[in-house]
Amino acid sequence: MQPNQFHSLVYEFAFYFFGLTAIASAIAFVTRKSPVAAAMWLVNVMFCLAGLYVMLDAQFIATMQVLVYTGAIMVVFLFVIMLLNLGHPSDLADARGKWGYIMALFVGLALLAEVMVLNRSNAIERLIPPDLAAKAAAAAAAPLAGGIIGPVAAPLFKEYLLAFELTSVLLLAAIVGAVVLGKRRTNAR
Amino acid sequence: MTHSMSLLLQVVDPQLPPTDGMFALVGLIKVAVVFGIYMFCVAYTTFLERRVAGWIQDRHGPNRVGPQGIFQVLADGIKNFMKEETMPGGVNKALFILAPAIAFVPAMLTWAVIPFASPLPVPGVGLVDMVVADLPVGFLFTLAISSLGVYGITIAGWSSNNKYALLGGLRASAQMISYEIGMGMSTVCVLLLAGNVNLNQIVHQQATQSWNVLLLTMAFFIFAVAGLAETNRVPFDLPEAESELIAGYHAEYSSMRYSMFPIAEYANIITSSSLMITLFFGGWDIPFTQWDNLPPWTITKTLLTMGLYVAKVIFFVFSFIWLRWTLPRFRYDQLMSIGWKVLLPMALIYITVVASLILGLDAAGLARTSIGFRGAMLGMNVLFVVLVFWVLDRGRIVSPAYSRIERARIATLRQVSERSDLVSEKGA
């Protein structure tokens, strides 16, 4: 077998492995009754997505996916689920029921239709600016300054510095707001 | 056959990276060898802990199985496999069985990206990097994977259907989130100096510049404390805290399933030590020389750097054990306030200071490897360390507890004690 054939076989196998596992885990995530089990399935989905990112050569994004979503956000989710002991489905404000299922069906159909339309009409390719492909090729050919995170960090801290800083201020405001709201409730009691 | 072999040996230059097919083969061999050695080291760390504990507490420790008790590890392993596996009622079976594995895997996975020696030239294969996978995102990978270690403990605590176990699991997740932030922040300074997240590049930067522990002592201090907290060792072992929670998250486990948790803990100690060495103590670099960091690579260089690396790891593992048998456990509120009110603000201030200094020195036109740059960093570091420890100390942490008592009072106490000694001697 030629090396290239072998590579594409491994690549295809990995793609279907991660893709199918992600879908199966996502289905398990929404159907599990126990919140902790559901959270663990969601963690699995995050992992599979990280695997797919690595296959797209987006190693930084993949690592961030695991670090931020799996390592931080889901741990906090799990902490809250366990702290409030949300073990019983009857305790939860449940979106299930007739209208919930109908809504979910419509949203699911709409998303499926969107994917199919985009796939048919090459709309995604038309959405990409024409000079982007050339830029990407040039960037791939040039040696990476500052390793693999250089191309992400440089625009973030040079070109889009203001937007970046404003976003962090927004996040800070959100944190302060959360603290204020939390404190107010305890004081009122 | 031999003719083609010798032809192969001539074609491949051992100073160049191997070809794709060879790379895959070499990768598999490296995984197998590193896994084997790592497991052996983890097993013997448990033995080291018990012997060092015995030594520190002035008792023997396990010394009966084999000479000096070196086969104790085997005996323990057999014992754990022979014991009955219990499954308490009302547990979530799938997660209860899965949790020990979840606890163990991340600790081991982190080791995949840590470089442990200079590249080894293998005739007929090429230049083999002495790291299982030299990822371009190396350091971020270690952070990402080490943040997963908490799942095993949390899930074990929740699935056991036991309130003490649940409390242990809750504590573990709160502790992990709190200390991970300080840990990540402390390493920002290292990345600022290295300008890269690849661990081999960080080692090379330290080889040419200086070990980061000299330039960034405070970052090392924060990283070491947070690393200790992430391994859930004394003084941060609140998730198991036997005096409060019986055994915390693993109260319901028995036999080999239980044994996986200590194995994970010791694996975490080795990984945490290796990370400290790689980020702050030059990795496999031999200090004060440059010949070990430069090609042409030879087997001698690989063996020497690996030997030094192992020596460094043993020192740090020993320090972890030493700390465990020296310090008492923190109270839960102390743990939280150290994480959020001391380590995190300290790390943020330190990042600001280091970043400003690097910016200023770069603007002044000093090269990163020049004496001026290194001297300025070192000077700032010494100033910062003295200041911080002066503030932290105030007769409480660094100095012994009796430094808070007035000198005159200590003198009186001494006299009283001497007098009572005399009395007891007379009585005898």
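Values in this document were obtained by computation on a predicted structure and should not be read as measured data.
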Does any heavy atom of chain B fall under 4.5 Å from the side chain of Val76(A), the backbone, both, or neither of them? both
Less than 4.5 Å to any heavy atom of chain B: does that hold for the side chain of Met40(A), its backbone, both, or neither? side chain
Pick from [options] with the largest number of heavy-atom pairs that fall under 4.5 Å of chain A:
| options | value |
| --- | --- |
| Asn198(B), Leu140(B), Leu143(B) | Leu140(B) |
| Pro106(B), Ser173(B), Gly169(B), Ala94(B) | Ser173(B) |
| Leu148(B), Ile145(B), Val150(B) | Leu148(B) |

Is chain A contacted by the side chain of [X], its backbone, both, or neither, given a heavy-atom distance below 4.5 Å?
| X | value |
| --- | --- |
| Ile102(B) | side chain |
| Ile181(B) | neither |
| Ala174(B) | both |

Does the side chain of [X] reach to within under 4.5 Å of the side chain of [Y], using non-hydrogen atoms?
| X | Y | value |
| --- | --- | --- |
| Thr154(B) | Val36(A) | no |
| Gln59(A) | Phe141(B) | no |
| Leu67(A) | Ser147(B) | yes |

Over 12 non-hydrogen atoms of neighbours within 6.0 angstrom of [atom1] in [X]:
| X | atom1 | result |
| --- | --- | --- |
| Tyr164(B) | OH | no |
| Tyr69(A) | OH | no |
| Tyr160(A) | OH | no |
| Met55(A) | CE | yes |

Can you name the nearest heavy-atom pair linking Val75(A) to Tyr151(B), along with the distance? N-OH, 3.6 Å
Once side-chain hydrogen bond (donor to acceptor under 3.5 Å, both in side chains) is applied, what residue pairs with a partner in residues 16-25 of chain A remain, sequence neighbours excluded? Ser25(A)-Asn44(A)
